[in-house]
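Structure record follows, encoded as structure tokens.
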Amino acid sequence: MKYNIFGYLIGEGFGNVFKNKKSTGASLMIMCATMIIFGIFLMLSQNINHFVDDVKAEQGFQVFLKTDATDEEIQEVGEKIRALNGVNTIEFKDKEYALNFIKEKYGGPEFMEGYTSEFFSTSYIVTLTDLSLSKDVQNQILEFDNVKRITSSDKTVTTLINLAKGIKIVTGIILLLLIIISIFIISNTIKLTVHARRKEISIMKYVGATNSFIRWPFIVEGMIIGILASAISIVIVGGAYSILAEQTVNAQFMVTIGMSLVSFKDMISSIIFVYMLLGIGIGALGSIISMRKYLNV
């Protein structure tokens with residue numbers, strides 16, 4: 001008996017989708033439009049976060065060692081730095097590198113004529129797995145023997161951390177608003193279908209049908225519309241993004257700044273999960289909200 005009832009409710013839900021073609025079509029179009037906008041913001045936020053992460057990965061600080069440190073002492077400092085929690089990579093720069101860097105930056109070989117590499121310090125360029133650990137790691141390194149000073153772009157690091165947080169907050173608010181709008185639209189659209197069948201619902205209530213028995217076909221209807229809208233939106237957004245990404249990656253500007261976009265293949269699994277979850281959730285919740293008035297008989 002339970003299987004028969006379950007089959008009836010599912011069948012009724014599918015039947016409603018095809019019987020009420022106008023309301024189904026309207027709901028589908030509205031949900032597709034909303035979810036396409038949702039997808040645009042989702043992919044935009046993914047790429048912005050990807051870009052910020054790339055920039056953050058390149059940020060670090062330079063640890064200068066005392067000029068009289070021996071090779072063994074220099075190597076020991078490098079091993080200590082590498083062992084610290086939060087350190088991603090370290091790169092050794094010898095005295096020759098420092099001399100050549102100054103020459104190139106401040107006027108060519110003639111500028112430093114008469115100076116030798118012995119006037120400069122060896123150093124390590126350190127990058128971190130998490131920029132928020134920058135201060136803690138620097139303080140630990142300053143306690144090591146033979147460390148003279150550390151130079152870092154603390155303002156840049158702080159700006160990047162704040163930017164990443166700001167992007168996540170703004171994106172989250174936009175996506176939340178889109179979800180609320182979608183629920184409101186789908187509930188009002190399905191409400192038209194429910195209104196057309198209000199007498200049938202009243203009769204079912206009077207003969208003893210439970211709220212759940214009446215509600216489930218409409219919930220199934222909303223879920224089906226949500227799944228269809230999700231599938232259509234994924235195809236449209238995915239196709240458009242793939243074409244745009246291919247053209248953008250090859251653009252001279254992107255090549256110059258060394259920026260890359262997240263490929264659609266890398267996002268496809270998370271996008272399918274989010275879209276299906278949203279589609280089913282919005283469709284079901286919209287149906288539940290739209291029916292409350294007509295179940296209070």
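Not measured: the values here are computed from a predicted model. Residue numbers count from 1 along this sequence.
- For the atom pair CD1 of I236 and CD1 of I36, the computed distance is 4.0 Å after rounding to the nearest 0.5 Å.
- The hydrophobic cluster around I243 extends to none of the other residues, as no ILVMFWY side-chain heavy atom falls under 4.5 Å of it.
- L44 and I169 sit in two unconnected hydrophobic clusters of ILVMFWY residues. Membership requires side-chain heavy atoms under 4.5 Å apart, directly or through other members.
- Among residues two or more places apart in sequence or in another chain, the ring-ring contact (aromatic ring centres under 6.0 Å, His included) test is passed with F92 by Y124.
- Interatomic distance, OG of S123 versus CD1 of I125, reported as 6.0 Å (0.5 Å rounding).
- From Q75, atom CD reaches atom NZ of K80 across 12.5 Å, with rounding to the nearest 0.5 Å.
- Heavy atoms only, all atoms of each residue included: T151 and R149 are closest at CG2-NH1, 3.2 Å.
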Check: What do the steps show when you test V126 against T89 for side-chain contact (heavy atoms from CB on, under 4.5 Å), and what is the final call?
Finding: CA-CA 6 Å; V126 182; T89 62; over 6 Å; no
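- Here the closest heavy-atom approach between residue M43 and residue M267 is recorded as CG-CE, 4.0 Å.
- In this structure, S134 and L128 approach most closely via the heavy-atom pair CA-CD1, 3.4 Å.
- Cluster partners of M29: none. The rule joins Ile, Leu, Val, Met, Phe, Trp and Tyr whenever side-chain heavy atoms lie under 4.5 Å apart, and it links nothing here.
- G86 and L133 make their closest contact through CA-CD1, 3.7 Å (heavy atoms, listed as atom of the first residue, atom of the second, distance).
- No chain of hydrophobic side-chain contacts below 4.5 Å, direct or via other Ile, Leu, Val, Met, Phe, Trp or Tyr residues, connects V235 to I280.
- K148 places a side-chain heavy atom less than 4.5 Å from the side chain of T67.
- Taking CE of M35 as the start and CD1 of I234 as the end, the distance is 7.0 Å to the nearest 0.5 Å.
- F38 CZ to I271 CD1: the interatomic distance, rounded to the nearest 0.5 Å, is 9.5 Å.
- Using a 4.5 Å cut-off on side-chain heavy atoms (C-beta onward), F61 and T127 make no contact.
- V87 is listed as a side-chain neighbour of V137, based on a closest heavy-atom distance under 4.5 Å.
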Enumerate, atom names and distances included, each donor-acceptor pair closer than 3.5 Å involving a side-chain atom of residues 174-181, sequence neighbours excluded.
none

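- Annotation: side-chain hydrogen bond (donor to acceptor under 3.5 Å, both in side chains) contacts involving residues 229-244, sequence neighbours excluded, comprise N47-Y241.
- Between N146 and I74, the closest side-chain pair of non-hydrogen atoms is not below 4.5 Å.
- Going from atom CG of L277 over to atom CD1 of I272 covers 13.5 Å, rounded to the nearest 0.5 Å.
- Between I227 and M276 the shortest side-chain heavy-atom distance falls below 4.5 Å.
- With sequence neighbours excluded, the residues satisfying side chain to side chain contact (heavy atoms under 4.5 Å, CB included) with V147 are V63, L65, V77, I141, L142, F144.
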Next item on the list: Take D145 and E73, measure what side-chain contact (heavy atoms from CB on, under 4.5 Å) needs, and give me the verdict at the end.
Entry: CA-CA 8 Å; D145 293 333; E73 290 170 336; over 6 Å; no
